Protein chains: 2
Amino acid sequence: MKRAKKKTFSDFIAQKGLKSTRQRDIILDFFLSTSEHMSLEELYLKLRAKHPAIGYATVYRTLKLFAESGIAREIQFGDGQTRYEHVTEGEHHDHLVCTRCGAIAEFENATIEKLQDEIADSYGFLIKTHKLELYGLCAKCRK
Amino acid sequence: MKRAKKKTFSDFIAQKGLKSTRQRDIILDFFLSTSEHMSLEELYLKLRAKHPAIGYATVYRTLKLFAESGIAREIQFGDGQTRYEHVTEGEHHDHLVCTRCGAIAEFENATIEKLQDEIADSYGFLIKTHKLELYGLCAKCRK
DNA sequence: GTTGTAATTGATAATCATTTTCAAATATTT
DNA sequence: AAATATTTGAAAATGATTATCAATTACAAC
């Protein structure tokens, strides 16, 4: 899976006439080793611990490339931080976001997706992407 | 309906020990006269046309108050602009957002809401709010 | 109505995340 | 190794939002 994403990204790089660099390798390895939903800030700070020379702009630009290449996706939970989640081929999930502790759970629901399609159809609308987030308290925070 | 929202807001103002001011009245009247989903920027620019003396910060703060009082809700469609929509008691809707022309349509679907509740239950999660947006092309932009 | 007090306003500055700029460094092609 | 185009890191620019503060205004008490 890691390997597949590395290939996807290097193919993307090659196809775009971009270069394979030490920084991009480092950032990709790190990104693939992280849990989901890290913000750019978090990613940068954790990376910097091991690679102090890496610049914020480089991390920023590289994550954008990941998103462009399809191995990552930008998401926003309304806290003013852009987060990056891993994209797995053919899989889509939505989120439960705990507004107290920030925990994020994922879920999939085929019925909801189907209903979305029906709604879009009735409006003549063509869905490209969608965003479904449930905000509230996770089991722990409900005490 | 306008009247009800004016009352809701003036009650909120009173209950919080805040003051009723000319600017708040102007902004509220204008807000209630607008269509849905205006950004702060839009709201401010249009307001300024009739009331040049009104400050950006005042509009900003007043819209926050509207949201706090429950007559408006902040929404973000990922274009970096916070928008304000009208909140009607007991009514909730989700959005179809055209990524080409910016058109926004609204829909309601009780079945989806019920499924959301079931999902949340299965995680022991307590939903406070949710956000469902379908992004793509509206009927017009599909040509 | 006048006064006292606290909230509000408008202009401006501060903040914060994101994005751009640019000279120096690096990767790839020749 | 040289030529060329991309990339990097630091710093500055941007854009939206939020805070600051002196002057103004609303309102309750007199």
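Note that the structure is a prediction, hence the values are computed from the model and not measured. Chain identifiers are assigned alphabetically (A, B, ...) following the order of the sequence lines, protein sequences preceding nucleic acid strands; residue numbering begins at 1 within each chain.
The distance between atom CZ of A:R83 and atom P of C:dT18, rounded to the nearest whole Å, is 10 Å. Rounded to a whole Å, the CD atom of A:Q81 is 13 Å from the P atom of C:dT19. The nearest whole Å value for the distance from the CZ atom in B:R61 to the P atom in C:dA11 is 11 Å. Following rounding to the nearest Å, B:K64 (NZ) and D:dA19 (P) show an atom-to-atom distance of 9 Å. In this structure, A:H51 atom NE2 and D:dT7 atom C1' are separated by 18 Å, rounded to whole Å. Across the protein-nucleic acid pair, A:Y56 atom OH and C:dC16 atom P stand 13 Å apart, rounded to whole Å. Remark: P of C:dA17 and CG of A:L63 are 16 Å apart, rounded to the nearest angstrom. Distance, B:Y60 OH to C:dC16 C1': 13 Å, rounded to whole Å.
A:I75 and A:L32 are not part of a single hydrophobic cluster, where members link through side-chain heavy atoms under 4.5 Å apart. Connection of B:I127 to B:V87 is not established within any shared hydrophobic cluster, with ILVMFWY side chains joined at heavy-atom distances below 4.5 Å, either directly or through further cluster members.
Contacts with DNA chain D (heavy atom under 4.0 Å) in residues 37-48 of chain A: none are found. Residues from residues 6-34 of chain B that place a heavy atom under 4.0 Å from any atom of DNA chain D, listed by number: B:K19, B:S20.
Dashed line: the shortest gap from a side-chain N or O of A:T58 to OP1 or OP2 of D:dT8 is not under 4.0 Å. Side-chain N/O atoms of A:T82 include one lying less than 4.0 angstrom from OP1 or OP2 on C:dT18.
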- Task: List the steps, then state whether side-chain contact (heavy atoms from CB on, under 4.5 Å) holds for A:R24 with A:L18.
- Result: CA-CA 11 Å; A:R24 285 177 181 163; A:L18 304 179; 3.9 Å; yes
- Item | Intermediate values then yes/no, side-chain contact (heavy atoms from CB on, under 4.5 Å), B:H130 and A:Y135 | CA-CA 6 Å; B:H130 77 257; A:Y135 296 92; 5.7 Å; no
- Message: A:F31 vs A:F66, test: ring-ring contact (aromatic ring centres under 6.0 Å, His included). Steps then yes/no.
- Response: CA-CA 10 Å; A:F31 176 66; A:F66 291 172; 5.6 Å; yes
- Apply side-chain contact (heavy atoms from CB on, under 4.5 Å) to A:L40 and A:Y56, showing your working. CA-CA 9 Å; A:L40 193 67; A:Y56 190 92; 3.4 Å; yes
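Screening B:L65, B:L47, B:T21 against B:I27 for a side chain to side chain contact (heavy atoms under 4.5 Å, CB included) leaves a single residue, B:L47.
Applying the 6.0 Å contact sphere to CD of A:E91 captures more than 12 heavy atoms from other residues, nucleotides or ligands.
Between A:K2 and A:D29, none of the side-chain N atoms (NZ, or NE/NH1/NH2) sits under 4.0 Å from a carboxylate O, so this pair counts as no salt bridge.
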